[in-house]
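Step one of this worksheet: look at the structure below.
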Amino acid sequence: MVALIALLPFAGALLLALLPNERRRLSAWLAGVFPLTGLALALMGAPSIFAGEVLRWSVDWVPALGLSFGFRMDGLAWLFALLILGIGALVVLYAAYYLHHEDPPARFFQFLLLFMGAMLGVVLADNLVLLVVFWEATSLSSFLLIGYWKDRKDAREGARMALAITGAGGLALLGGVLLIGHIVGSVQLDAVLAAGATIRAHPLYVPALVLVLLGAFTKSAQFPFHFWLPHAMAAPTPVSAYLHSATMVKAGVFLLARLYPALGSSEPWFWIVSLVGLATLLVGAYTAIFQHDLKGLLAYSTISHLGLITLLFG
């Protein structure tokens, strides 16, 4: 069931790639069926999650390095999966009526499902290397979505800026993950979460922490990396609603929550995360006051609220 939830959007994206763009209604129906099916499967797993179980599925990926291609769903992953699938289904419904008749719908919904699958991969990955792979996949698919109106200069610039900032953050995250794997001796999530004391006592803890936080801060538009989010609002409104308010910018927040048992409860964590969250909260709120367009206001108020959540984690 966990594998089905994670891989359904990719199957939907593949199906939509074979569909002609003239089939507007069929494209919307197909795009809506996959998140709704995933949502139903996730809700079916609720009794097990509430009982404290961790649902798992995995196959060997790179056995020589001890890496598996697998997914695990605990309470945190289940909550974020519901967020991604539930809001994703609503955004598909809205986009079906939003898109202009000249906009190719199959391509739009294909990119949307690719992003949905990448986000599910981030929250359900059972090891940190796989998480980074899906993390970068969210940056690539968001680039395609933000630049969907490719004839608009602001959309192209916003897409490039988002890819540059979040992609660079993903490379920093990869460096942090490799350091954590070196400290723990494994990148499996269960082993990493159980080795918090070992990680915090290691000389490489602070470099690993800073690299991981760079990944989280760039993705969640934290100060001073917040400037890409307002530019990305040149995307179609369903993209802004899904990526820049509901899911993509929450990936950094998810990472803070996921790795808190391993990296949190230390002086460096407290100072870095708290101060960055506080700065983002204040800068976003102050800047939002002077916005004259609705999307600008939404962008900076979103940045401010993400700063609040980061501050609370700090």
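Heavy atoms only: backbone and side chains are in, while hydrogens, waters and symmetry mates are out.
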Would you please indicate if the ring centroids of Phe225 and Phe217 are separated by under 6.0 Å?
no

Examine Trp269 together with Phe313 and report whether their ring centres are nearer than 6.0 Å.
no

Going hydrophobic residue to hydrophobic residue with side-chain gaps under 4.5 angstrom, can you get from [X] over to [Y]?
{"X": "Leu256", "Y": "Val132", "result": "yes"}
{"X": "Leu7", "Y": "Leu36", "result": "no"}
{"X": "Met119", "Y": "Leu90", "result": "no"}
{"X": "Leu145", "Y": "Met233", "result": "no"}
{"X": "Leu144", "Y": "Trp149", "result": "yes"}

Any chance you could pull the hydrophobic cluster mates of Tyr97, using side-chain heavy atoms under 4.5 angstrom and chaining through other members?
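Noted: Tyr97 shares its cluster with Leu93.
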
Quick one: name the residues clustered hydrophobically with Val33, using the 4.5 Å side-chain heavy-atom rule over I, L, V, M, F, W, Y, and just say none if it's on its own.
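ILVMFWY cluster around Val33 holds nothing else.
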
Look only at the side chain of Ser274 and the backbone of Trp271, and say whether a donor-acceptor pair between them is shorter than 3.5 Å.
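No.
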
Can you tell me if Trp228 uses its side chain to pair, donor with acceptor, with the backbone of Thr218 under 3.5 Å?
yes

Do Phe10 and Phe34 pass the side-chain contact (heavy atoms from CB on, under 4.5 Å) test, and can you show the C-alpha distance, the side-chain angles, and the key distance before you say yes or no?
CA-CA 9 Å; Phe10 293 111; Phe34 287 95; over 6 Å; no

Can you spot which of Leu173, Leu124, Leu189 makes a side chain to side chain contact (heavy atoms under 4.5 Å, CB included) with Leu131?
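For Leu131, the side chain to side chain contact (heavy atoms under 4.5 Å, CB included) test succeeds with only one of Leu173, Leu124, Leu189, which is Leu173.
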
Might you work through the side-chain contact (heavy atoms from CB on, under 4.5 Å) test for Ser265 and Phe270, ending with a clear yes or no?
CA-CA 7 Å; Ser265 302; Phe270 170 78; over 6 Å; no

Check this for me, if you would: do [X] and [Y] make a salt bridge, where the nitrogen-to-carboxylate-oxygen distance has to be below 4.0 angstrom?
{"X": "Arg72", "Y": "Asp190", "result": "yes"}
{"X": "Asp74", "Y": "Arg56", "result": "no"}
{"X": "Asp154", "Y": "Arg152", "result": "yes"}

Would a 4.5 Å heavy-atom cut-off, applied to side chains only, mark Met116 and Pro35 as touching?
yes

A side-chain contact here means heavy atoms from C-beta on lying under 4.5 Å apart; do Thr280 and Thr310 qualify?
no

When rounded to the nearest 0.5 Å, the distance separating CG of Leu193 from CG of Leu263 is 9.5 Å

Could you tell me if Ser58 and Ser68 have a donor-acceptor pair between their side chains, going purely by distance under 3.5 Å?
no

For His305, does the NE2 atom sit with more than 12 other heavy atoms under 6.0 Å from it, leaving out its own atoms?
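No, because the 6.0 Å sphere around NE2 of His305 holds 12 heavy atoms or fewer from other groups.
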
Given side chain to side chain donor-acceptor pair (under 3.5 Å), test Thr237 with Tyr94 step by step and report yes or no.
CA-CA 9 Å; Thr237 298; Tyr94 175 62; 5.0 Å; no

Can you list the residues that meet the ring pair (Phe, Tyr, Trp, His ring centres under 6.0 Å) rule with Tyr286, with sequence neighbours excluded?
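Result, ring pair (Phe, Tyr, Trp, His ring centres under 6.0 Å) vs Tyr286: Phe290.
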
List in chain and number order the residues that pass ring pair (Phe, Tyr, Trp, His ring centres under 6.0 Å) with Phe223, two or more places apart in sequence or in another chain; answer none if no residue qualifies.
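With sequence neighbours excluded, Phe223 shows a ring pair (Phe, Tyr, Trp, His ring centres under 6.0 Å) to His226, given in chain and number order.
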
Could you go step by step and tell me if Asn127 and Phe69 meet the side-chain contact (heavy atoms from CB on, under 4.5 Å) rule?
CA-CA 8 Å; Asn127 69 75; Phe69 183 92; over 6 Å; no

Here the side-chain hydrogen bond (donor to acceptor under 3.5 Å, both in side chains) pairs for residues 28-55, sequence neighbours left out, are none

Output all residues satisfying salt bridge (Lys or Arg N to Asp or Glu O under 4.0 Å) with Arg107, sequence neighbours left out; order by chain, then residue number.
none

